[in-house]
Number of protein chains: 2
Amino acid sequence: MKHDVSPDSIPPRGHEAKRASIMDAAGEVFCRESFAGANIDMIAAEAGVSRQTIYNHHGDKEKLFVAIVRDLTERCNAGIFATISTFPDQPKDLEADLIAFAVRMNRNCICNRDGKFLRKLIQTEGERYPELFAEWREQGPGRTWPAIAARFARLAHAGFLDIEDPDVAARQFLALANAELQTTFMLGGTPTDDEVLQSATHGVRTFLRAFGKRQPAADAQKHSALAGA
Amino acid sequence: MKHDVSPDSIPPRGHEAKRASIMDAAGEVFCRESFAGANIDMIAAEAGVSRQTIYNHHGDKEKLFVAIVRDLTERCNAGIFATISTFPDQPKDLEADLIAFAVRMNRNCICNRDGKFLRKLIQTEGERYPELFAEWREQGPGRTWPAIAARFARLAHAGFLDIEDPDVAARQFLALANAELQTTFMLGGTPTDDEVLQSATHGVRTFLRAFGKRQPAADAQKHSALAGA
DNA sequence: ATAAATTTAGACACTCTTGTCTAATCCGTC
DNA sequence: GACGGATTAGACAAGAGTGTCTAAATTTAT
């Protein structure tokens, strides 16, 4: 606290490294074993840290769990909004651009470590922590769905799509993009890049059959006969 | 074993009642608390049975769990095949008939007690019992998806739909029908009848915009302007 | 009624886990 | 090289859960 630029309350650097390592390990273990099945020694071992250090940092098992979920929610939301910002507002090739967007969404937000962990924790412990997951619901789906819907509304307004209800279309877009990954998600697996691309391609083609303009600008008819594997 | 019609190995009637009551309670508790979080006393209390009786019937906690999952898998599969048999092969009103089918599928197989429990157990414990859930995968999705796809293929062949890949179309059909229920499912909730109907209606409309014949028989154009809430 | 089977409550040993405590040790800074 | 905060290993008490056992009570069929 002497002539250090950083004011106070900043412990040494190793401290933060431990904290991060605990968060990593705890996410992994809670996700794999569920809250009740996880034990602190397992987390400590996986984090390469002593049990006492975990108690020093987080107080008790439940507080640790809540911290993990908050952390994952924040990181996932950030990823989703970052990905939404890459939405093709002025598509060159509508089908290709939407497929690429769907793939980005899947790879960076839904199939990655954080997305997988958060999804599993919500599914497994959601009913036990109603207010924690109500928070997630507001911050997550409550903000991301409208943001995606707004992008589709803009695309429709610009004449690229024929959409009545952008909220419904947004939900259907992602449902279609993930249609072939459901079983893998159920069992906690991670789909391969190829599976993600397949599902997104089929999903976007169907989406455009439903919502694409019949004669949009110039090159919208060319896809109609592609049915390759 | 004297002049009883049923040969042997059939214990008194109360026995089966206890067994059913244990299965019910165990499903409920395992689903609510996860395998590690459930305890035998809880199940015994909820079943109105003594702890020892559970051990008499099932041996130990893990065997009980496996029995529950097998039982749920069987019952859910039966329900799904029963519902598939109501698929509209000769639709009078294609949109209405497909919506009704989607609603039946949801209410009788996905949102009901067994469907909800099985889904949660698979999500929560799937990774811990690979061979048990591999079994589910073969018996469940492995047999139901092709069955649904076959029905769509038939519908397409009869000229009602314009489908290239029936397997993809079948998956997309259910993905669309459930598109608006995902968040509720995530948190373990049960959607209301109205939510199910809404989601199915929007989903089927989009499905038909993508795969409906442009001029099928007589009355396919009439739906295009319906955008009710 | 009576005999066989089943269920029950309770006690029990055993194991595992949580959360605390202590004394030793590490590590970066002065 | 000494200081101070953080970390560590290990012991520890308290509590909870599993699976077993026993003797009594209850049910079911004869």
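A, B, ... follow the sequence lines: proteins, then strands. Residue 1 opens every chain.
Applying the 4.0 Å criterion to OP1 and OP2 of dT6(C), one finds that H57(B) has every side-chain N and O outside that range.
Axis deviation across the helix from dA1(C)-dT30(D) to dC30(C)-dG1(D) amounts to 20°, comparing end segments of five pairs, rounded to 10 degrees.
Here the side chain of K116(A) pairs a donor or acceptor atom with the backbone of G188(A) at under 3.5 angstrom. No side-chain donor-acceptor contact under 3.5 Å links Q139(B) to the backbone of N77(B).
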List, with names and distances, any nitrogen or oxygen atoms from the protein found under 3.5 Å away from nitrogen or oxygen atoms belonging to nucleotides 15-18 of chain C.
unit_1	atom_1	unit_2	atom_2	d
dT18(C)	OP1	A38(A)	O	3.3
dT18(C)	OP1	I40(A)	N	3.3
dT18(C)	OP1	K61(A)	NZ	3.4
dT18(C)	OP2	I40(A)	N	3.2

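Residue pairs meeting the ring pair (Phe, Tyr, Trp, His ring centres under 6.0 Å) criterion with at least one member in residues 97-129 of chain A, sequence neighbours excluded, are F65(A)-Y129(A), F87(A)-F101(A).
Partners of D60(B) by side-chain contact (heavy atoms from CB on, under 4.5 Å), not counting sequence neighbours, listed by chain and number: E62(B), K63(B). Listed by chain and number, the residues in a side-chain contact (heavy atoms from CB on, under 4.5 Å) with D71(B) are M23(B), R75(B) (sequence neighbours excluded). Partners of N56(B) under the side chain to side chain donor-acceptor pair (under 3.5 Å) rule, at least two apart in sequence or in another chain, are Q52(B).
Of the listed nucleotides (dC21(C), dT7(C), dT20(D)), dT7(C) has the atom at the smallest distance from the side chain of K18(B).
In this structure, H58(B) reaches neither bases nor backbone, as no heavy-atom distance under 4.0 Å exists between it and the strands shown.
Atom pair K63(B):NZ and dT18(D):P shows a separation of 15 Å (rounding to whole Å applied).
Using bins of under 30°, 30° to 60° and over 60° for the plane-to-plane angle, the ring pair F211(B)/F207(B) lands in the tilted bin.
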Problem set entry | Chi angles and distances behind the side-chain hydrogen bond (donor to acceptor under 3.5 Å, both in side chains) call for R119(A), Q123(A) | CA-CA 6 Å; R119(A) 190 168 54 251; Q123(A) 286 169 347; 5.4 Å; no
